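To find a chain, count down the sequence lines: A is the first, B the second, and so on, and within it residues start at 1. Source: prediction; values computed, not measured.
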Number of protein chains: 2
Amino acid sequence: MISADVQSLASDLSVAVVRLTRHLRGRRSDSPISLTQLSALSTLRREGSMTPGLLAARERVQPPSMTRVIASLSELGLVERTPHPTDGRQIIVTPTPAGRSLVDDENSAREAWMTDQLGILGDHQIQVLRDAVDIINSIVNETE
Amino acid sequence: MISADVQSLASDLSVAVVRLTRHLRGRRSDSPISLTQLSALSTLRREGSMTPGLLAARERVQPPSMTRVIASLSELGLVERTPHPTDGRQIIVTPTPAGRSLVDDENSAREAWMTDQLGILGDHQIQVLRDAVDIINSIVNETE
DNA sequence: TATTGTTATACTCTATAACTATA
DNA sequence: TATAGTTATAGAGTATAACAATA
C-alpha cells in the first residue's frame, strides 16, 4: 500500500493544493499584502537582498512577473531598489524595516529547519504527503 | 516542539502551496485540461452529477466562476448539461464517458479513503503537515 | 419574493515577445 | 553580442453586481 501508486498521489495533491490556494487567496482580504507578495518578501527576508532576476528564479516565476511584484512591494514601502555597486544593468532589492517586520508578523521565527536538506522521496515521505492531502482537504472542507 | 506555533505552520504552508500551485499550473501544458478544470471534473466523477451551484460550493468558488469552468468542459465534450427533471431553474451537469475516462487517466482508483472522516487536527496531523511543507518545498526546489 | 443560473465587468497573477541600457 | 531589467500585451482564474427565468 505504501509505494503503490505515486501518480495518483500527485494528482490528489495537485487538486488539494489548488483548492487550498484558492481558499488562502480569498481569505487574505484582512492582510495588507497578497500571498504572492508575501512569498517574495519572505524569500528576501530569509535569504537577504538580491537582484530581481535571482528572486524570480527563487520564486519560480518569470522576470517580468517579478518586476510587477517588486513594484507593488516598493509602492507599499516594503522593499527598496538600489543600484548594483559594479554592474549598471542590475539592481538590488532589499526589504525595508517595515517589510521585515511584516514578514515577522506573518511568518514566525521557526524558519531554519525548513529550507534545506532535500533528497529523494522515500516511502515515509510519500505517506506523509498522502496524509497531508487528507489534512488539507479536511481543512478546506471544514472551513465552510 | 510539536504544538508550539501553529500560526507559523499556516504561514509556511501557505507559501509552500502557492509555489506548488504555480509550478503545477505551469507544468500542465501537456495535459488537455487545466487544474481548475480537472478539479471540477474530478468532483463530478467522484460525487456524481450535480447542479452548477452545488459544484461551485464543492469547489469553493462562486457560481459565476463555475459557470465558466462548466462551459469550457462542455466545449471539450467532457460534461453535458441536462435540464433538471422537476425544477426548471436548475440544470444537471454530468461527466461524459470521455470526461470520466480522462479523470481516471489523471487520477487513479485510490480515492476511497481520502474523501471522508475529518476532525479536529491533532499534534500528529500538525507534524505531518510540517513535514509535508518540507517535502513540497523540496519537490519545487528540485525540479529545477 | 426567493432562488438558480448566467452575463457583464473588473482585478490579480502569470506568461511571452519586444525594447532599453549596460557589459 | 550577451545579459538584466522593464514595458507591452495577452490569457487564465476568480470575484462582485446586475439580470432573466422559474418556484
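Separating the CD atom of A:Q62 from the P atom of D:dA4 is a distance of 14 Å, rounded to the nearest angstrom. Straight-line distance from the CD1 atom of B:I91 to the P atom of D:dA20: 19 Å, rounded to whole Å. Rounded to a whole Å, the NE2 atom of A:H84 is 14 Å from the P atom of D:dT6. Regarding A:L55, its CG atom lies at a distance of 10 Å from the P atom of D:dG5, rounded to whole Å. With rounding to whole Å, B:E59 atom CD is found 13 Å from D:dG13 atom P.
Distances shorter than 4.0 Å separate none of the side-chain N or O atoms of B:T36 from OP1 or OP2 on D:dA12. Regarding contacts with the backbone of D:dA12, every side-chain N or O of B:R22 stays at 4.0 angstrom or more from both OP1 and OP2.
Judged by distance alone, the side chain of A:S39 and the main-chain N or O of A:T36 form no donor-acceptor pair under 3.5 Å. Between the side chain of B:R22 and the backbone N or O of A:E59, at least one donor-acceptor pair lies under 3.5 Å.
Within the 4.5 Å cutoff, the side chain of A:E47 has heavy atoms near those of the A:R58 side chain. Counting heavy atoms from C-beta outward, B:T86 and B:H84 have side chains that approach closer than 4.5 Å. Taking the side chain as every heavy atom from C-beta outward, B:L55 and B:T43 approach each other to under 4.5 Å. No side-chain heavy atom of A:V103 sits less than 4.5 Å from a side-chain heavy atom of A:P95. The closest side-chain heavy-atom distance from A:L44 to A:M50 is below 4.5 Å.
Boundaries of the chain A contact region on DNA chain C are C:dC13 to C:dA23, first to last in 5' to 3' order (nucleotide atom under 4.0 Å from a heavy atom).
For A:E80 and A:S74, the side-chain atoms include no donor-acceptor pair closer than 3.5 Å.
Using a 4.0 Å heavy-atom distance criterion, B:Q90 is classed as a sugar-phosphate-only contact.
Along DNA chain D, the nucleotide closest to A:R89 and the one closest to B:V61 are compared, and the more 5′ of them pairs with A:R89. Ranked by how close their nearest DNA chain C nucleotide is to the 5' end, A:D87 and A:Q37 are led by A:Q37.
Residues passing the side chain to side chain donor-acceptor pair (under 3.5 Å) test with B:T94, sequence neighbours excluded: B:S49.
Annotation: proximity of residues 64-79 of chain B to DNA chain C (heavy atom, distance under 4.0 Å) is found for B:P64, B:T67, numbered in ascending order.
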